[in-house]
Every structure is written in C-alpha cells, then in structure tokens.
Amino acid sequence: MKIMTWNVNSIRSRLEHLLQVLKDDQPDVVLLQELKALEEQVPIEEIETLGYNIAIWGQKTFNGVAIFSKYPLEDIQRGIPENDEDSQARYIEAVTNGVRVASVYVPNGEAPGTDKYAYKLKFLDLLTRHAQTLLSYDEKFVMGGDYNVAPQDLDVYDPKSWHEKILCSTPEREHLRRLLYLGFTDALRDLYPDEENLYTWWDYRGVSWPSNKGLRIDHLFLSPQAADVLKNCEVNKGPRGWEKASDHAPVWCELKL
DNA sequence: ATGACGTGAGTATCACGA
C-alpha cells in the first residue's frame with residue numbers, strides 16, 4: 001500500500017498537477033494539506049474518476065486537509081479530538097484498508113516569540129497527546145503531513161543561516177521530537193539515515209529550487225506496526241519543477257501489508 | 001533586508017505562508 005503526503009498550496013490552483021501525480025504515482029492513499037478551500041469548492045469529480053474515496057476538512061482561504069483512498073474511508077475524524085477551541089482545519093484522520101492514517105498541517109509559526117509560534121507549540125502538544133492515544137491501539141498508523149519543522153540540521157541546506165529561525169528553532173524541534181519519540185518512525189530518515197540534500201520544500205523566491213536550497217519539513221511518521229512493514233519511502237521532486245508548482249514536493253512510503 | 005514569490009480575496013493592496 002502506497003501512502004503519499006503533499007502540501008499542494010491550493011487544491012484549485014494545483015488540480016492539474018494533483019491529477020497528474022495521482023496518475024503517475026498511483027498512490028493508494030493521499031494525505032493533502034493547504035487546500036485553501038471549503039469542501040464544496042474542491043473539484044471532487046475528477047478525483048473520484050481516478051478511483052478515490054474522499055474525506056475533506058476544508059476552510060475558506062486558509063489551511064484545509066484531505067484524505068483520498070482507493071479503499072473505503074471509515075471512522076473519519078475532523079480536527080484533533082478534545083480540541084474544541086481549534087477552529088483551523090489542520091487535522092483529519094480515517095481508517096482505510098485496516099490502516100489508520102492522518103493528514104496533519106502544523107502551523108507555520110511565523111517566528112519564535114510571536115503568538116503564532118506559541119500556537120504552533122500548543123498544536124504540537126495537542127497532536128502529541130492525541131497521537132499517544134492512537135499509538136496505544138497497537139495498530140498500523142501513518143501520520144503524514146506538513147509538520148513545518150526540520151528535525152535536524154541534516155534536514156536544512158544551510159543550517160547556519162537557519163539557526164534558531166522558524167522551522168528550525170530548538171523549542172519546535174523539541175516538541176516534534178517529543179511526538180516522534182512516543183514510538184513513531186520517521187520513514188524517510190529511517191531508510192536514509194545520513195543522506196544529505198533530502199528536502200521536501202523549497203522557497204518560491206530566488207534560486208532556492210534550481211540550486212536545491214531546501215528543507216525537509218514534510219514527514220511520514222509510522223507507528224511500530226506500520227514501521228515493521230515499511231518497504232520504501234521517497235521524495236518525488238518532479239512536480240516541484242513543473243510550471244506553477246507547489247513549493248512542497250510529494251513524499252510517499254510503501255507498506256507491505 | 002519589514003526583501004524576494006505565490007495564493008486568495010477582491011479589484012488595490014493586504015494577510016499569510018515558510
């Protein structure tokens with residue numbers, strides 16, 4: 001079973017790219033972030049034509065997450081449970097083909113010290129608490145998405161210039177590590193522990209993409225039961241080079257069920 | 001460098017992202 005995560009930066013602007021990626025890569029499950037659309041604004045017919053069931057938590061203008069699957073989607077949860085105050089569409093979860101999956105869009109955080117940064121850390125705390133519950137189920141669980149945190153300097157093209165900057169600062173890395181150390185496996189880093197230049201996001205500005213100045217901030221976190229059957233994990237850099245690209249590349253992993 | 005570039009909202013710029 002192939003599971004892909006991708007921050008599309010507007011599903012309406014990226015529809016043709018999305019359809020092409022679905023045709024080229026044939027993922028069984030797709031975890032999307034930053035739809036920037038309400039559910040009724042998402043053009044679902046063309047996606048359904050490719051054989052996907054769809055669950056969406058949309059929002060006007062900002063955020064928005066979705067799960068597509070070639071298998072039925074059960075137990076759909078919109079938002080992190082027991083987080084009533086969170087009105088931003090940043091989390092959706094479902095069970096499909098016996099695997100629990102979640103699509104996560106962690107807040108950007110703007111800069112350390114800001115209100116948005118505090119909100120980011122709080123979101124990571126709430127996500128960690130919920131993930132702990134899900135891990136207690138002892139099932140195959142894949143939590144993928146745009147975490148907006150580069151876990152280590154190895155995940156950053158120029159660690160000195162990013163030192164204590166947003167996406168790389170110590171508190172957010174500690175929060176991400178606390179989540180990961182509940183028992184998740186970072187699928188890509190597990191298979192390529194020392195690989196440099198392994199990135200998932202490149203700034204639209206300047207020469208970031210052509211000179212591969214990127215960060216690895218999109219991740220697939222696997223429960224132990226999922227990690228036991230992990231066969232492959234790759235960044236698909238192709239779509240980042242297309243005209244009118246998202247600034248994120250899709251990342252996929254393959255589980256041998 | 002309060003920069004750059006892209007998207008949505010709305011129709012001139014601004015909020016937001018990373």
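Convention: sequence-line order gives letters A, B, ...; per-chain numbering from 1.
Applying the side chain to side chain contact (heavy atoms under 4.5 Å, CB included) criterion to A:Q59, with sequence neighbours excluded, gives A:F62, A:N63, A:Q88, A:A89.
Taking atom P on both B:dT7 and B:dA18, the two are 14 Å apart, rounded to the nearest angstrom. One P atom belongs to B:dT13, the other to B:dT2, and the distance between them is 23 Å to the nearest Å. If you take atom C1' in B:dA15 and the same atom in B:dG10, they sit 13 Å apart, rounded to whole Å. A distance of about 24 Å separates the C1' atoms of B:dA1 and B:dA12, rounded to the whole Å.
Annotation for A:Y119: hydrophobic cluster partners, listed by chain and number, are none (ILVMFWY side-chain heavy atoms under 4.5 Å, direct or chained). A:L50 shares a hydrophobic cluster with A:M4, A:W6, A:V8, A:I11, A:L15, A:L18, A:L19, A:V21, A:L22, A:V30, A:L32, A:L35, A:V42, A:I44, A:I47, A:Y52, A:I54, A:I56, A:F68, A:W242, A:W252; the chain of contacts runs through ILVMFWY side chains whose heavy atoms sit under 4.5 Å apart.
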For nucleotides 3-15 of chain B, 5' to 3', base contacts (B), sugar-phosphate-only contacts (S) and non-contacts (-) with protein non-hydrogen atoms under 4.0 Å give -BBSBSS------
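One atom, NE2 of A:H219, and another, P of B:dA18, lie 12 Å apart when rounded to the nearest Å. Atom CH2 in A:W201 sits roughly 8 Å away from atom P in B:dA18 (whole-Å rounding). Taking atom CG of residue A:D115 and atom P of nucleotide B:dC16, one finds them 12 Å apart after rounding to whole Å. Atom CZ of A:R90 is separated from atom P of B:dC16 by 11 Å (rounded to the nearest Å). Following rounding to the nearest Å, A:F123 (CZ) and B:dG17 (P) show an atom-to-atom distance of 13 Å. Going from atom CD of A:E172 over to atom C1' of B:dA18 covers 10 Å, rounded to whole Å. Computed from coordinates, the A:L215 CG to B:dG17 C1' distance equals 14 Å when rounded to whole Å.
The aromatic rings of A:W209 and A:W202 lie perpendicular to each other, with more than 60° between the two planes, well past the 30° mark. Using bins of under 30°, 30° to 60° and over 60° for the plane-to-plane angle, the ring pair A:W162/A:Y157 lands in the perpendicular bin.
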Donor-acceptor pairs under 3.5 Å, side chain of residues 107-114 of chain A to any protein atom, not counting sequence neighbours: which ones?
unit_1 : atom_1 : unit_2 : atom_2 : d
A:N108 : OD1    : A:E110 : N      : 2.6
A:T114 : OG1    : A:G109 : O      : 3.3
A:T114 : OG1    : A:A111 : O      : 2.7
A:T114 : OG1    : A:Y117 : N      : 3.2

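A:E34 comes within contact range of the sugar-phosphate backbone alone, with a heavy-atom separation under 4.0 Å but no base atom that close. At the heavy-atom level, A:N63 lies nowhere under 4.0 Å from the strands shown. Counting non-hydrogen atoms under 4.0 angstrom, A:R216 reaches nothing in the nucleic acid. Here A:I217 lies in heavy-atom contact (under 4.0 Å) with sugar-phosphate atoms only. The residue A:D146 sits close only to the backbone: its heavy atoms come under 4.0 Å of sugar-phosphate atoms, none of a base. In this structure, A:I166 reaches neither bases nor backbone, as no heavy-atom distance under 4.0 Å exists between it and the strands shown.
The shortest distance between the side-chain N/O atoms of A:Y105 and the OP1/OP2 oxygens of B:dA18 is below 4.0 Å. Taking side-chain N and O atoms only, A:H248 has no distance below 4.0 Å to OP1 or OP2 of B:dG17.
Across A:V142, A:V104, A:L180, A:T185, a single residue satisfies side chain to side chain contact (heavy atoms under 4.5 Å, CB included) together with A:F221, and that is A:L180.
A side-chain hydrogen bond (donor to acceptor under 3.5 Å, both in side chains) check over residues 20-29 of chain A, counting only residues at least two apart or in different chains, returns the pairs A:Q20-A:D24, A:D25-A:N236, A:Q26-A:K70.
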